[in-house]
Amino acid sequence: MAGGTEAVAHQALEMTDHLPVLQVLIPFIAAPLAVFLGVRSLAWPIACAGAIASLVCSVVLMLATLDGSFISYHLGGWAPPYGIEYRVDAANAFVLLLISATAVVVMPFTKASVDAEIPKKDHTLFYACFMLCITGLLGVVVTGDAFNVFVFLEISSLSAYVLVSQGSHRDRRALTVAYDYLLMGTIGATFFVIGIGFLYMATGTLNMADIADRIAGQGDNRTIQAAFAFILVGMGLKVAIYPLHLWLPGAYNYAPSAVTVLLAATATKAAIYVVLRFTFSVFQPEFTFDTNVLYWIIIPFALLAMFAASLIAVFQTNFKRMLAYSSIAQIGYMLLGIGFFNLSGLTATMVHLFNHSITKAALFMAVGALVLRSGSTFYDRIRGMGKSMPLTSAVVVIGGLSLIGIPGTAGFVSKWMLVQAAFELGWWWMALLIVASSLLAVIYVWRVLEVLYLGDTAEGAQHKEAPMMMAGPMWVAALACIWFGFDTSLTLEASRVAANGLLSGNAGMAPVPTTAAGGGH
Amino acid sequence: MFLVTLIALFVAMALVLCRLYTGPMVYDRILAANFFGTAAVLFIAVLGFFNGRPDFLDIALLYALINFVGTVATLKFFRYRSLGDARPGMD
Amino acid sequence: MGLVADILSWACLIGGSFFTITGALGIVRLPDFWARLHASGVAESGGMILIILGLCLQAGWGLVTVKLIIIGIFLFITGPTSTHAIANAALVTGWRPKPGTGIEQKDTPPFYDVKEPTVRN
Amino acid sequence: MAETIINVVLFSMLVLTALALVRMERLFTIVMLAGVFSLLAAMLFVTLDAVDVAFTEAAVGAGVSTVLYLGTIALTARGCKPSVRPSTVPLLVCIITGAVLIWGTLDMPNFGDAEAPAEVHVAQYYLTESVKEIDVPNVVTSILASYRGFDTLGEVAVIFAAGVGVLLIISRMPGQGRRKDKEDS
Amino acid sequence: MRHHLILRVITKILVGPIILYGLYVQFHGDFSPGGGFQAGVIIAVAFTLYGIVFGLRAVYAVLPPWVVHRLMALGLLIYAGVGILNMLSGYEFLNYGAFAPNHPSHGQHLGILWVETGVGITVTGVMIAVFYAFAGRPPRMGDDDW
Amino acid sequence: MTTGDNELMIEFLLGHINYWLFVVLMMTGLYIVIVRGNYVKKIVGLNIFQTAVFMFYISIGKITGGTAPIFPTDSQGRIRPDPDIVYSNPLPHVLILTAIVVGIATTALGLALIVRIREEYNTIEEDDVLEIETKLAEQENRIHGFGPGGGA
C-alpha cells in the first residue's frame, strides 16, 4: 500500500509525471499570488502565465491520452480509493484542453474588457477570482474522486457568483441575478452532495472507479437510483437544463463581458462533462437500471430545451440575452446526444461541447466589443454597426452561421453527427426535429445580422472598430470555428476516443491504470 | 447520575426554547438564547462524562466563548445599530 | 477520593440540575423581562458552578479538571457580563422596570414582536 | 437506549426550531433561532461521535454566521414581509423531493449498523492503517490533512474565494454612503 | 462603546486567552478535536470581539486591512507550497513522506503541521476580512426603519 | 405477519427513523428557501437545508456503541490502540468539515450580495425587487422593443 514502509524505496517522479496536478495547480497558485503581491499591474500577467502553462499541460495530456489510455495520479501518494486520484483519459483531456484553451484565448479580451468595465482598484481581486473560477472548472474535470468534484465545483461556482455580481458597475440587476445564481447553484450543489452521500452509503467509497466497480455488483438498489436522480438534478441546475435554467439568462446578460465569455464557453461544459462522467462511468445505466429510463427522461427535456429556448431566443431584442437562450437550446443538443446512448450520439455530444464552446466564445466576445463601443446590446443600439465595426460584425456572422450549423463551420459537424446518430437508431423523425430547431436558429441569427448590416446607424453614433486586444481573440475563436468545420480530424478523433471510453463503462474506469504515475504502487 | 443531569438540562433547554419561540420582547429572546447557550455548554461537558470521553471539553469551551461573543455582538447591534464604529452622535 | 467524593459530586450535580431547572422555569413563568433576567442570572451562575464542580470531583486531577476549571472561570466571567449587557441594552433602548409593580410600562413598546402592526423594511 | 433518547429529544428540538423559523418574521429572531439551530445540530454531532464537526459547526454556525447575519441586518432591514405568494407549488416540490429521498433511504442499512458498506471498506482502512502510516491520534486530522489533503486545499481555496468575493462586493465604499450618514445623525 | 466599562475590561482580559486557546486548538489538533480551520475561526473571533467592543479603528491599528488581505493569500500559498516542495523532491503533490524519506510518519507529522498552519492563517485572514467588510460599511438605514 | 416479521419491521423503522427526520429537516429548509421572499431568510433556509444534509452524512458514519475516532494516547503522546473500542467512521466527518466550510463561504457571499442589493434597491424583499425590475424591463421594452423573458 501507499506510504508506510515502501516509501523508503520511493522512486523519484519526473516533472512530466506531475502534469495532471500541475494543470490545476498553476492557475490555482496564480490567484493567491496575485493577491499576496498586491501589485495591480502584475495581476494580469500572472493570470496569463497561469493560463498558458495550464494550456501547455493540457495539450501534452491530450496527446498522451489520444490512444485511449489513461493517466492516473495519486495525490499525496495515497493509492485510490484511500486517497484522491486524478485520472485523465481522452474525455477529460478533451474538456481540459477546451477549458484551458478558452482561458488563454479570452485572456487578452479580458484585459481590455475589464479595464473598461471594472474599477481599477478591484482589478487584482477580479483576476484572482477569474483564475479561481478556471481552477475550479479544471479541477472538476480532471478529478477521479466524487467528493473532490463537489469541492472544485464550489470553487468555480463561488467565484462565478462574484464575477457575475461585478456587472453591477454597469447595471444593478447584476446583483440580483448573482444572488439567484448563488441560491440555485447552492441548491444544485447540495443535491449533488446528497447524491454522493447516498452513493457512499451504498458503496463505502468515494473514488469513481471504485464506486463503478461496486455499483456493478449491486443490481437493483433504490439508494443508488435515488443517488442518480439527485446527482442528475443537482448537476442539471448547474448545466441549466431547460426547466432548471432560470439563473442563466440573467447571469449571462448582466455579467461583465469577459465573465460571460468564460461562463458560456466553459462553466456549463464542465458541468455537462460531470453529467457524462457520472452517467456513463460511474452509474453505467445498462448495469444499474433500464436504459429506457434515460431515453424517457433525458430526451424529452432535451427536445424541450431545443424548441422552447430557441423560440424565446427568436423574440429577444437584446443580443446578449438572445445568445443566452440560444446557449440553453444548444445544451439541449448535447443532452440529446447523451439520450441517444450510442457511440455516434456521445461523439456528437463531445464534439458539440467543443464546437459550441468556441462558437459562443467568439459570439460573446463580439458582444463584449459591441458593448464597449455602443454601451448596450439592445438591437436598436447596435443597429448598423456592421459598417462601423466590420471586423467584429464579421465574427458575429461566422459565429451565427456556426450556431445554425451551416456546412463549413464547426456547428455543422456536431449537428451532422447528431443527425447521424438519430439515423443509426432509426429515428428519422428525430433528425427532422433537429433540422427544425436549426431553422429556429436561422431566424434568431438572421434578426441579429439584419440589425447589424441592414439597419441604419443609430443617430449620432461614432463607433470605431474594437481594439486589437479584443478583436484578436475574437478572430482566433472565429477562425477556429471555420477551421474545425473543415478539418474535423482532431475534434472528431478525440471525441470518438472519449465517447468510446465513456461508453465502455467499467473498462474506461478500470481500477488498474495503464500508465501509473503513482510511484511504486 | 450523569443521565439525571442530562435530563435536567434537557428539560431546562426545552423550557427555555418555549420562551425563545414565544418572545414577546426581543430581549426575552436574547436572554433565552444566552441561557440556552450556557445549558448547551454544560450539556456537552456532562455528555463527555456520560460517554466516558471527557477529553472533548474543548467544544464546551468553544461554545462558552462563542456564546459570549454572540451576546456582545447582539448588544452592540441593539445599542449602536452597527457592528462597526458607532455612528456619530450615537455614543 | 472514593465514596465521599462520589457522594459530594452527585450532590453537586443534583443541586446544579435543580438550579438550572429552576432558572429555566423562572424564564418561562416569571411575568416580565426584568424578573426573568434575575432568574436566568441566578441559575446560570449557581447551576453552572455546581455542575462544573460535580464534574471536577468526578474527573480527579488531570487535564480534564484543568479544562473544566477554565470553562468554569470563563462562564463565571462571561455569564454575568452577558446578563449585564442584555440588561443594559434593554435599559438604554428605553425599557424601565416600574418600581413596586414589577411590570414595565412604556407608551410605545418598540420591540414587541406580536403587537407591531406592520414591519417596515 | 439512553443515546437513542438523547437523539430523539435533540431531533424534536431541531424540528421545532425549524418549524418556528418558517413562520418568524422578525429577522433578528430568525437569526437567533438559526444560531440555536446550529447549536442543537452541534450537540447532535457530539452524540453522533463527530466531535470535530461539532467543533466546527459551533464555531461557524453559532459564531461566525450569527455575527455576519447581525452585520447584514444592521446594514439592511429588520423585518421581512409576511409571504403573500401561493405556497402550493413549493410545497409540492418539497414533498416530491422528500418522497424521492425517503424512497432512497428504504434500501439503506439500519442506522448504526457496523456491517454497512460505508463502514467496512475505505473507512476501515483509515482506522486500522493510519496508526502505522501517519501516527496521529485524531484519525479525522490524518484523513483531512493527508489522505484527503487535496480536498482540504480545495476547501481553503473556497474560503479564500469567499474572502476575495466579499472584498470585491462590499469593501468599496458606496459613493454617497458617508455623506448620507452624516445627514442622518 | 465608551460607556461599557465592564465590557471593555472583560474584553481586554479575555482577548489574550482566546488567542492562546486558538493556538492550542491549532497545534493540539492532532490529539483532540480541532485543527487549522477551527483555530482560525477562534483567533478571528478574538479580533472580532475586540473590534466590536473598541471600534474598528482600534482593531485596524492592531491588524490593518492590507495585512489581513496578505494573510488570506499567505495561508493558501503555504499549503500549496508544502505540496510543491514535496513535488520538487520527487514525490507526489502533498506526499509529506518527502520531508523525512527514511521515516514517513515523521514527514507526515511535519506536513500536517505546516498544512494546518496554512489553513489557520487563511481562515483567520478571511474571517477578519469579512468582518471588516461588513462592519466597516456605513449603515444606510434611516432611524425610522428601526 | 409473524412476530419475526414484526420485529424486523420495528428494527427497520427504528433504524431508519433518523434518516426520515433528516429528510423532514431538509425539506423544511428547502421550503423556506423557495417560498420566502426575504433574501436573508432564504439564506437562513439554505443553511438549515445544508445542515440537515450534514447531519445525514454524519449519521452514515455512526456505529452503535462506537465512540469518536480519536485514539487514546499515553503520557508521552504515543498512541495506545485498544482493540475493544469501536470507533465511528471518520470519513463522513472529514467530508462534512469541508462542506461546512463551503457552506459558510456561500453564506458570507450571499449576505454580502444582500447588502449591495439593499443599497441599490432599498429593499431586501424579492417581491419588491421583482416589481422594480419589471418596471425597468418595461421601460427598456418601450425603448428597445419587446422581448419576452426580459426583466428578472
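Contact check for L68(C) versus F49(B): side-chain heavy atoms found under the 4.5 Å cut-off. Residues L61(B) and K67(C) fail the side-chain proximity criterion, which asks for heavy atoms closer than 4.5 Å. With contacts defined as side-chain heavy-atom distances shorter than 4.5 Å, the pair L15(B)/L25(C) qualifies. Side-chain contact between V46(B) and I51(C): present, with at least one pair of heavy atoms (C-beta onward) separated by less than 4.5 Å. Side-chain contact between L37(C) and Y27(B): absent, with no pair of heavy atoms (C-beta onward) separated by less than 4.5 Å.
For L57(B), the parts sitting under 4.5 Å from any heavy atom of chain C are the backbone and the side chain alike. Contacts between L30(C) and chain B at a heavy-atom distance below 4.5 Å involve the backbone alone (N, CA, C, O). Proximity to chain C is limited to the side chain of L42(B), based on heavy atoms less than 4.5 angstrom apart. Both the backbone and the side chain of F35(B) come within contact range of chain C, each with at least one heavy atom under 4.5 Å from a heavy atom of that chain. Heavy atoms closer than 4.5 Å to chain C are found in both the backbone and the side chain of T5(B). If you measure heavy-atom distances from V41(B) to chain C, the contacts under 4.5 Å come from the side chain alone. Contact annotation for L65(B): both backbone and side-chain heavy atoms come within less than 4.5 Å of a heavy atom of chain C.
Between F68(B) and F74(C), the angle of the ring planes goes over 60°, which puts this pair in the perpendicular group of the 30/60° scheme.
Atoms CE and OG1, from M13(B) and T20(C) in turn, are 10.0 Å apart once rounded to the nearest 0.5 Å.
Comparing I86(C), L55(C), I71(C) by heavy-atom pairs within less than 4.5 Å of chain B, the highest count is held by L55(C). No other option in A12(B), G48(B), G70(B) has as many heavy-atom pairs under 4.5 Å with chain C as A12(B). Each of I52(C), I14(C), I21(C) has some count of heavy-atom pairs under 4.5 Å with chain B, and the biggest count is that of I21(C). Of all the listed residues (I30(B), T71(B), T38(B), D28(B)), the one sharing the greatest number of non-hydrogen pairs under 4.5 Å with chain C is D28(B). Each of D58(B), V11(B), L9(B), V4(B) has some count of heavy-atom pairs under 4.5 Å with chain C, and the biggest count is that of D58(B). The candidate with the highest count of non-hydrogen atom pairs below 4.5 Å against chain B, out of A85(C), G47(C), G41(C), is A85(C).
In the displayed structure, F10(B) atom CZ is contacted under 6.0 Å by more than 12 heavy atoms of other residues, nucleotides or ligands. Other residues, nucleotides and ligands place no more than 12 heavy atoms under 6.0 Å from the NE2 atom of H38(C).
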